[in-house]
Protein chains: 2
Amino acid sequence: MRPDFRCDCPFTSALDILGDKWILVIVKQMLIEGKETFKDFTESEEAIATNILSSKLKLLEEVGIIIKTKRPDNKKTNLYLLTDKGLALTPILVELASWSDGHLRDLHPTIVQGAAMEAIRHDKAAFARALEKQYREKLATTSHKHTSG
Amino acid sequence: MRPDFRCDCPFTSALDILGDKWILVIVKQMLIEGKETFKDFTESEEAIATNILSSKLKLLEEVGIIIKTKRPDNKKTNLYLLTDKGLALTPILVELASWSDGHLRDLHPTIVQGAAMEAIRHDKAAFARALEKQYREKLATTSHKHTSG
DNA sequence: ACGATTGCTTGCGCTTTGCAAGTAAAAAGC
DNA sequence: GCTTTTTACTTGCAAAGCGCAAGCAATCGT
(Lines give C-alpha, C1' and ligand atoms only; values in the text may rest on other atoms or scores of the structure.)
Protein backbone atom coordinates (compact mmCIF):
# COMPACT_ATOMS: atom_id res chain seq x y z
CA MET A 1 0.00 0.00 0.00
CA ARG A 2 3.04 2.30 -0.20
CA PRO A 3 2.12 5.42 -2.07
CA ASP A 4 3.86 5.83 -5.42
CA PHE A 5 4.86 9.22 -6.65
CA ARG A 6 3.82 10.68 -9.99
CA CYS A 7 6.99 12.71 -10.47
CA ASP A 8 9.74 14.54 -8.60
CA CYS A 9 7.83 17.78 -8.05
CA PRO A 10 7.63 18.64 -4.34
CA PHE A 11 4.10 20.09 -4.68
CA THR A 12 2.76 17.04 -6.49
CA SER A 13 4.58 14.62 -4.19
CA ALA A 14 2.93 16.17 -1.14
CA LEU A 15 -0.43 15.68 -2.84
CA ASP A 16 0.40 12.05 -3.61
CA ILE A 17 0.22 11.53 0.16
CA LEU A 18 -2.12 14.26 1.37
CA GLY A 19 -4.31 14.77 -1.70
CA ASP A 20 -7.48 13.03 -0.64
CA LYS A 21 -10.69 13.73 1.22
CA TRP A 22 -9.73 12.15 4.53
CA ILE A 23 -6.01 12.17 5.36
CA LEU A 24 -5.83 15.79 6.49
CA VAL A 25 -9.25 15.60 8.16
CA ILE A 26 -7.91 12.79 10.37
CA VAL A 27 -4.79 14.83 11.16
CA LYS A 28 -7.00 17.81 12.00
CA GLN A 29 -9.11 15.71 14.36
CA MET A 30 -5.98 14.54 16.17
CA LEU A 31 -4.35 17.95 16.37
CA ILE A 32 -7.33 20.16 17.08
CA GLU A 33 -10.05 17.94 18.48
CA GLY A 34 -7.71 15.73 20.49
CA LYS A 35 -8.93 12.46 18.99
CA GLU A 36 -6.66 9.48 19.55
CA THR A 37 -8.62 6.21 19.51
CA PHE A 38 -10.43 4.39 16.70
CA LYS A 39 -13.71 5.09 18.48
CA ASP A 40 -12.95 8.82 18.76
CA PHE A 41 -12.68 9.03 14.98
CA THR A 42 -15.87 7.08 14.27
CA GLU A 43 -17.79 9.49 16.49
CA SER A 44 -16.56 12.56 14.63
CA GLU A 45 -18.79 15.17 13.03
CA GLU A 46 -17.47 14.12 9.63
CA ALA A 47 -18.56 10.49 10.17
CA ILE A 48 -15.82 8.54 8.42
CA ALA A 49 -16.67 4.93 7.52
CA THR A 50 -14.75 2.35 9.56
CA ASN A 51 -13.17 0.60 6.58
CA ILE A 52 -11.88 3.89 5.19
CA LEU A 53 -10.69 4.92 8.64
CA SER A 54 -8.86 1.65 9.06
CA SER A 55 -7.08 1.93 5.69
CA LYS A 56 -6.21 5.60 6.19
CA LEU A 57 -4.77 5.02 9.66
CA LYS A 58 -2.64 2.25 8.17
CA LEU A 59 -1.40 4.55 5.42
CA LEU A 60 -0.70 7.39 7.86
CA GLU A 61 1.35 5.01 9.99
CA GLU A 62 3.22 3.64 6.97
CA VAL A 63 4.33 7.07 5.82
CA GLY A 64 5.27 8.04 9.37
CA ILE A 65 2.71 10.77 10.06
CA ILE A 66 1.26 8.91 13.06
CA ILE A 67 2.35 6.10 15.36
CA LYS A 68 0.17 3.35 16.78
CA THR A 69 0.51 3.06 20.53
CA LYS A 70 -1.22 1.65 23.59
CA ARG A 71 -1.63 2.85 27.12
CA PRO A 72 0.22 0.51 29.51
CA ASP A 73 -2.96 -0.34 31.42
CA ASN A 74 -5.17 -1.08 28.40
CA LYS A 75 -4.44 -3.93 25.99
CA LYS A 76 -7.35 -3.30 23.66
CA THR A 77 -7.61 0.38 22.87
CA ASN A 78 -5.01 1.64 20.39
CA LEU A 79 -3.75 5.19 20.61
CA TYR A 80 -2.94 7.00 17.41
CA LEU A 81 -0.56 9.90 17.95
CA LEU A 82 1.04 12.43 15.62
CA THR A 83 4.78 12.20 15.02
CA ASP A 84 7.01 15.21 14.30
CA LYS A 85 6.34 14.59 10.62
CA GLY A 86 2.62 14.75 11.34
CA LEU A 87 2.88 17.83 13.53
CA ALA A 88 4.76 19.51 10.68
CA LEU A 89 1.45 19.48 8.76
CA THR A 90 0.05 22.13 11.10
CA PRO A 91 0.93 25.12 8.88
CA ILE A 92 -0.83 23.45 5.94
CA LEU A 93 -3.98 22.99 8.00
CA VAL A 94 -3.84 26.59 9.17
CA GLU A 95 -3.52 27.84 5.58
CA LEU A 96 -6.46 25.66 4.53
CA ALA A 97 -8.65 27.13 7.28
CA SER A 98 -7.50 30.63 6.42
CA TRP A 99 -8.45 30.13 2.78
CA SER A 100 -11.88 28.78 3.76
CA ASP A 101 -12.40 31.76 6.03
CA GLY A 102 -11.49 34.25 3.33
CA HIS A 103 -12.82 32.64 0.15
CA LEU A 104 -15.37 29.93 0.83
CA ARG A 105 -18.11 31.79 2.68
CA ASP A 106 -19.97 32.71 -0.53
CA LEU A 107 -20.30 29.01 -1.45
CA HIS A 108 -20.74 27.77 2.13
CA PRO A 109 -22.11 30.49 4.43
CA THR A 110 -22.39 28.35 7.56
CA ILE A 111 -18.64 27.83 8.03
CA VAL A 112 -17.97 28.33 11.72
CA GLN A 113 -16.54 31.58 12.97
CA GLY A 114 -14.86 31.42 16.36
CA ALA A 115 -11.92 32.48 18.47
CA ALA A 116 -9.58 30.16 16.57
CA MET A 117 -10.52 31.82 13.29
CA GLU A 118 -9.81 35.24 14.79
CA ALA A 119 -6.42 34.02 15.94
CA ILE A 120 -5.64 32.69 12.46
CA ARG A 121 -6.55 36.04 10.90
CA HIS A 122 -4.32 37.85 13.33
CA ASP A 123 -1.20 35.69 13.00
CA LYS A 124 -1.21 32.36 11.16
CA ALA A 125 2.33 31.35 12.06
CA ALA A 126 1.81 32.09 15.75
CA PHE A 127 -1.43 30.09 15.75
CA ALA A 128 0.32 27.14 14.12
CA ARG A 129 3.11 27.27 16.73
CA ALA A 130 0.56 27.42 19.55
CA LEU A 131 -1.26 24.34 18.19
CA GLU A 132 1.97 22.38 17.92
CA LYS A 133 3.04 23.37 21.41
CA GLN A 134 -0.35 22.37 22.84
CA TYR A 135 -0.10 18.95 21.20
CA ARG A 136 3.46 18.35 22.38
CA GLU A 137 2.41 19.17 25.94
CA LYS A 138 -0.43 16.71 25.69
CA LEU A 139 1.99 14.04 24.44
CA ALA A 140 4.25 14.65 27.41
CA THR A 141 1.43 13.94 29.85
CA THR A 142 0.05 10.93 27.95
CA SER A 143 1.69 7.71 29.07
CA HIS A 144 2.05 5.33 26.18
CA LYS A 145 4.41 2.81 24.65
CA HIS A 146 5.08 2.10 21.03
CA THR A 147 4.00 -1.23 19.51
CA SER A 148 5.64 -2.66 16.42
CA GLY A 149 2.54 -3.96 14.64
CA MET B 1 -21.41 19.09 -9.97
CA ARG B 2 -21.47 21.66 -7.14
CA PRO B 3 -19.41 20.38 -4.25
CA ASP B 4 -21.38 19.63 -1.12
CA PHE B 5 -19.87 20.20 2.26
CA ARG B 6 -19.60 17.54 4.95
CA CYS B 7 -19.91 19.96 7.85
CA ASP B 8 -19.21 23.54 8.91
CA CYS B 9 -15.56 23.01 9.86
CA PRO B 10 -13.30 25.38 7.91
CA PHE B 11 -10.52 22.77 7.62
CA THR B 12 -12.84 20.07 6.31
CA SER B 13 -14.66 22.48 4.00
CA ALA B 14 -11.40 23.47 2.32
CA LEU B 15 -10.71 19.77 1.76
CA ASP B 16 -14.18 19.27 0.28
CA ILE B 17 -12.95 21.45 -2.60
CA LEU B 18 -9.18 20.93 -2.61
CA GLY B 19 -8.92 17.42 -1.17
CA ASP B 20 -8.16 15.40 -4.24
CA LYS B 21 -5.22 14.27 -6.34
CA TRP B 22 -5.56 16.84 -9.12
CA ILE B 23 -7.11 20.17 -8.12
CA LEU B 24 -4.02 21.67 -6.48
CA VAL B 25 -1.71 20.13 -9.08
CA ILE B 26 -3.60 22.05 -11.77
CA VAL B 27 -3.39 25.26 -9.72
CA LYS B 28 0.35 24.65 -9.28
CA GLN B 29 0.83 24.21 -13.01
CA MET B 30 -0.92 27.51 -13.67
CA LEU B 31 0.87 29.47 -10.95
CA ILE B 32 4.38 28.06 -11.24
CA GLU B 33 4.69 26.52 -14.67
CA GLY B 34 2.64 29.18 -16.45
CA LYS B 35 0.23 26.71 -18.04
CA GLU B 36 -2.95 28.28 -19.39
CA THR B 37 -4.40 26.19 -22.23
CA PHE B 38 -5.96 22.73 -22.29
CA LYS B 39 -3.01 21.53 -24.36
CA ASP B 40 -0.50 22.92 -21.85
CA PHE B 41 -2.03 20.75 -19.15
CA THR B 42 -2.14 17.58 -21.23
CA GLU B 43 1.59 17.98 -21.97
CA SER B 44 2.49 18.25 -18.27
CA GLU B 45 4.94 16.02 -16.48
CA GLU B 46 2.06 14.65 -14.39
CA ALA B 47 0.13 13.55 -17.50
CA ILE B 48 -3.47 14.15 -16.48
CA ALA B 49 -6.10 12.32 -18.55
CA THR B 50 -8.19 14.60 -20.74
CA ASN B 51 -11.55 13.59 -19.29
CA ILE B 52 -10.34 14.22 -15.75
CA LEU B 53 -8.75 17.48 -16.83
CA SER B 54 -12.00 18.57 -18.43
CA SER B 55 -14.07 17.80 -15.33
CA LYS B 56 -11.57 19.40 -12.94
CA LEU B 57 -11.34 22.61 -14.99
CA LYS B 58 -15.14 22.78 -14.92
CA LEU B 59 -15.17 22.35 -11.16
CA LEU B 60 -12.42 24.93 -10.65
CA GLU B 61 -14.38 27.40 -12.75
CA GLU B 62 -17.62 26.65 -10.89
CA VAL B 63 -16.11 27.36 -7.50
CA GLY B 64 -14.42 30.49 -8.82
CA ILE B 65 -10.77 29.49 -8.57
CA ILE B 66 -10.17 29.98 -12.29
CA ILE B 67 -11.91 31.78 -15.16
CA LYS B 68 -12.24 30.57 -18.73
CA THR B 69 -11.09 33.15 -21.22
CA LYS B 70 -9.98 33.52 -24.81
CA ARG B 71 -7.42 35.65 -26.52
CA PRO B 72 -9.16 38.19 -28.81
CA ASP B 73 -7.38 36.84 -31.90
CA ASN B 74 -8.00 33.13 -31.31
CA LYS B 75 -11.48 31.64 -31.26
CA LYS B 76 -10.42 28.07 -30.53
CA THR B 77 -7.89 28.03 -27.74
CA ASN B 78 -9.33 28.64 -24.28
CA LEU B 79 -7.25 30.35 -21.64
CA TYR B 80 -7.63 29.26 -18.04
CA LEU B 81 -6.49 31.91 -15.57
CA LEU B 82 -6.38 32.07 -11.80
CA THR B 83 -8.76 34.45 -10.04
CA ASP B 84 -7.95 36.18 -6.76
CA LYS B 85 -9.58 33.23 -5.00
CA GLY B 86 -7.22 30.93 -6.89
CA LEU B 87 -4.14 33.06 -6.24
CA ALA B 88 -5.03 32.94 -2.54
CA LEU B 89 -4.13 29.24 -2.64
CA THR B 90 -0.45 30.14 -3.06
CA PRO B 91 0.43 29.90 0.68
CA ILE B 92 -1.12 26.41 0.81
CA LEU B 93 1.03 25.27 -2.12
CA VAL B 94 4.13 26.76 -0.54
CA GLU B 95 3.43 24.94 2.73
CA LEU B 96 2.91 21.68 0.85
CA ALA B 97 6.26 22.05 -0.91
CA SER B 98 7.95 22.96 2.34
CA TRP B 99 6.58 19.85 4.02
CA SER B 100 7.76 17.66 1.12
CA ASP B 101 11.19 19.25 1.33
CA GLY B 102 11.48 18.64 5.04
CA HIS B 103 9.68 15.34 5.55
CA LEU B 104 9.24 13.38 2.34
CA ARG B 105 12.81 12.82 1.20
CA ASP B 106 13.17 9.55 3.10
CA LEU B 107 10.20 8.06 1.22
CA HIS B 108 10.95 9.79 -2.07
CA PRO B 109 14.63 10.71 -2.40
CA THR B 110 14.45 12.14 -5.93
CA ILE B 111 12.31 15.15 -5.04
CA VAL B 112 13.83 18.09 -6.87
CA GLN B 113 16.02 20.53 -5.02
CA GLY B 114 16.42 23.93 -6.65
CA ALA B 115 16.53 27.65 -6.15
CA ALA B 116 12.79 27.80 -5.42
CA MET B 117 13.21 25.29 -2.60
CA GLU B 118 16.02 27.38 -1.12
CA ALA B 119 13.81 30.45 -1.26
CA ILE B 120 10.99 28.58 0.50
CA ARG B 121 13.35 27.47 3.25
CA HIS B 122 14.53 31.02 3.72
CA ASP B 123 11.16 32.79 3.84
CA LYS B 124 7.92 31.01 2.93
CA ALA B 125 5.68 34.08 3.15
CA ALA B 126 8.00 36.16 0.99
CA PHE B 127 8.19 33.39 -1.60
CA ALA B 128 4.40 33.14 -1.71
CA ARG B 129 4.11 36.91 -2.19
CA ALA B 130 6.69 36.82 -4.99
CA LEU B 131 4.79 34.05 -6.79
CA GLU B 132 1.52 35.96 -6.57
CA LYS B 133 3.13 39.16 -7.78
CA GLN B 134 4.73 37.36 -10.72
CA TYR B 135 1.38 35.90 -11.74
CA ARG B 136 -0.45 39.22 -11.45
CA GLU B 137 2.17 40.86 -13.68
CA LYS B 138 1.71 38.12 -16.24
CA LEU B 139 -2.06 38.66 -16.14
CA ALA B 140 -1.57 42.38 -16.76
CA THR B 141 0.39 41.70 -19.96
CA THR B 142 -1.90 38.90 -21.21
CA SER B 143 -4.71 40.28 -23.34
CA HIS B 144 -7.86 38.30 -22.79
CA LYS B 145 -11.60 38.66 -22.46
CA HIS B 146 -13.99 36.76 -20.26
CA THR B 147 -16.53 34.39 -21.81
CA SER B 148 -19.72 33.47 -20.04
CA GLY B 149 -19.83 29.78 -20.89
C1' DA C 1 -10.49 23.07 -49.67
C1' DC C 2 -7.95 19.92 -46.71
C1' DG C 3 -5.31 18.08 -43.08
C1' DA C 4 -3.63 19.20 -38.53
C1' DT C 5 -4.51 21.05 -34.01
C1' DT C 6 -7.32 22.05 -30.02
C1' DG C 7 -10.75 21.11 -26.74
C1' DC C 8 -13.39 18.39 -25.50
C1' DT C 9 -16.91 13.76 -24.87
C1' DT C 10 -17.82 8.80 -24.73
C1' DG C 11 -17.06 3.91 -23.65
C1' DC C 12 -15.25 0.65 -20.78
C1' DG C 13 -12.46 -1.40 -17.18
C1' DC C 14 -10.26 -0.76 -12.79
C1' DT C 15 -9.64 1.33 -8.39
C1' DT C 16 -11.35 3.87 -4.54
C1' DT C 17 -15.09 5.11 -1.58
C1' DG C 18 -19.00 4.17 1.40
C1' DC C 19 -22.69 1.85 3.81
C1' DA C 20 -24.05 -2.16 6.40
C1' DA C 21 -23.11 -6.14 8.56
C1' DG C 22 -20.11 -9.37 10.78
C1' DT C 23 -16.07 -10.92 13.70
C1' DA C 24 -12.49 -11.35 17.24
C1' DA C 25 -10.53 -9.99 21.42
C1' DA C 26 -10.32 -7.39 25.51
C1' DA C 27 -13.01 -5.20 29.28
C1' DA C 28 -16.96 -4.69 32.26
C1' DG C 29 -20.82 -6.43 34.71
C1' DC C 30 -22.94 -9.88 37.58
C1' DG D 1 -16.31 -17.67 35.48
C1' DC D 2 -19.82 -16.63 32.33
C1' DT D 3 -22.27 -13.26 29.72
C1' DT D 4 -22.62 -8.70 27.71
C1' DT D 5 -20.60 -4.68 25.99
C1' DT D 6 -17.00 -2.09 23.87
C1' DT D 7 -13.28 -1.55 20.68
C1' DA D 8 -11.04 -2.30 16.50
C1' DC D 9 -11.30 -3.88 12.91
C1' DT D 10 -12.72 -7.01 8.19
C1' DT D 11 -15.86 -8.41 4.51
C1' DG D 12 -19.45 -7.93 0.90
C1' DC D 13 -21.42 -5.31 -2.30
C1' DA D 14 -23.03 -1.00 -4.62
C1' DA D 15 -21.69 3.53 -6.21
C1' DA D 16 -18.46 6.96 -7.50
C1' DG D 17 -14.10 8.41 -9.29
C1' DC D 18 -10.01 7.58 -12.15
C1' DG D 19 -7.64 6.47 -16.43
C1' DC D 20 -6.64 4.77 -21.04
C1' DA D 21 -8.11 4.85 -25.78
C1' DA D 22 -10.85 6.37 -29.22
C1' DG D 23 -13.94 9.57 -31.41
C1' DC D 24 -15.72 14.14 -32.76
C1' DA D 25 -16.66 18.97 -33.77
C1' DA D 26 -14.78 23.50 -34.39
C1' DT D 27 -11.00 26.28 -35.76
C1' DC D 28 -6.59 27.15 -37.67
C1' DG D 29 -2.68 26.93 -40.97
C1' DT D 30 -1.63 26.54 -45.84
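By convention in this document, chain letters (A, B, ...) are assigned in the order of the sequence lines, proteins followed by strands, and residues within each chain are numbered from 1.
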Between [atom2] on [N] and [atom1] on [X], what's the gap in Å once rounded to a whole number?
{"X": "B:Lys68", "N": "C:dT6", "atom1": "NZ", "atom2": "P", "value": "16 Å"}
{"X": "B:Ile52", "N": "C:dC12", "atom1": "CD1", "atom2": "C1'", "value": "13 Å"}
{"X": "A:Leu59", "N": "C:dT16", "atom1": "CG", "atom2": "C1'", "value": "13 Å"}
{"X": "A:Lys58", "N": "C:dT17", "atom1": "NZ", "atom2": "P", "value": "14 Å"}
{"X": "B:Ile48", "N": "D:dG17", "atom1": "CD1", "atom2": "P", "value": "15 Å"}
{"X": "B:Lys39", "N": "C:dA4", "atom1": "NZ", "atom2": "C1'", "value": "11 Å"}
{"X": "B:Ile66", "N": "C:dG7", "atom1": "CD1", "atom2": "C1'", "value": "14 Å"}
{"X": "A:Arg6", "N": "D:dC20", "atom1": "CZ", "atom2": "P", "value": "12 Å"}

Between atom CG of B:Leu87 and atom NE2 of A:His103, what is the distance when rounded to the nearest 0.5 Å?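 Reported value, rounded in 0.5 Å steps: 9.0 Å.
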
Specify the residue among A:Asn51 and B:Asn51 whose closest nucleotide of DNA chain C lies further upstream toward the 5′ end. B:Asn51

Are B:Met117 and B:Ile120 close enough, and set up right, to give a side chain to side chain contact (heavy atoms under 4.5 Å, CB included), and what steps lead you there? CA-CA 5 Å; B:Met117 220 59 255; B:Ile120 288 177; 3.8 Å; yes

Table of protein N/O atoms under 3.5 Å from nucleotides 28-30 of chain D N/O atoms:
| unit_1 | atom_1 | unit_2 | atom_2 | d |
| --- | --- | --- | --- | --- |
| D:dC28 | OP1 | B:Lys75 | N | 2.4 |

Under 3.5 Å, is there a donor on one side chain and an acceptor on the other for B:Glu46 and B:Gln29? yes

Between A:Lys56 and C:dT17, is there a side-chain N or O to OP1/OP2 distance below 4.0 Å?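 Answer yes for this pair, as a side-chain N or O of A:Lys56 is under 4.0 Å from OP1 or OP2.
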
Quick check on D:dC9: is either OP1 or OP2 less than 4.0 Å from any side-chain nitrogen or oxygen of A:Asn78? yes

Can B:Leu89 and B:Leu18 be said to form a side chain to side chain contact (heavy atoms under 4.5 Å, CB included), step by step? CA-CA 10 Å; B:Leu89 296 169; B:Leu18 308 173; 3.7 Å; yes

Determine the minimum heavy-atom distance between [X] and [Y], stating which atoms define it.
{"X": "B:Lys70", "Y": "B:Lys76", "answer": "NZ-O, 3.7 Å"}
{"X": "B:Thr50", "Y": "B:Phe38", "answer": "O-CZ, 3.8 Å"}
{"X": "A:Ile66", "Y": "A:Thr83", "answer": "C-CG2, 3.8 Å"}

Is it the case that B:Arg105 places NZ or CZ above or below the six-membered ring of B:Trp99, under 6.0 angstrom from the centre and within 45 degrees of the axis? no

Can you confirm whether more than 12 heavy atoms, excluding those of A:Lys138, are under 6.0 Å from its NZ atom?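 For A:Lys138, atom NZ is crowded (more than 12 foreign heavy atoms under 6.0 Å).
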
Out of the candidates A:Ile17, A:Thr12, A:Leu15, only one should pair with A:Phe5 under the side chain to side chain contact (heavy atoms under 4.5 Å, CB included) rule; please name it.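 Between A:Phe5 and the candidates, side chain to side chain contact (heavy atoms under 4.5 Å, CB included) is satisfied uniquely by A:Ile17.
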
Using a 4.0 Å cut-off on heavy atoms, which residues in residues 12-38 of chain A reach DNA chain C? List them by number, or say none.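 Hits under 4.0 Å, by residue number: A:Asp20, A:Lys21, A:Trp22.
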
Is B:Asp20 close to B:Ile23 at the side-chain level, that is, under 4.5 Å between some pair of heavy atoms?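 The answer is yes, as the side chains (C-beta and beyond) meet within the 4.5 Å cut-off.
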
Protein-nucleotides 22-24 of chain C N/O pairs closer than 3.5 Å?
none

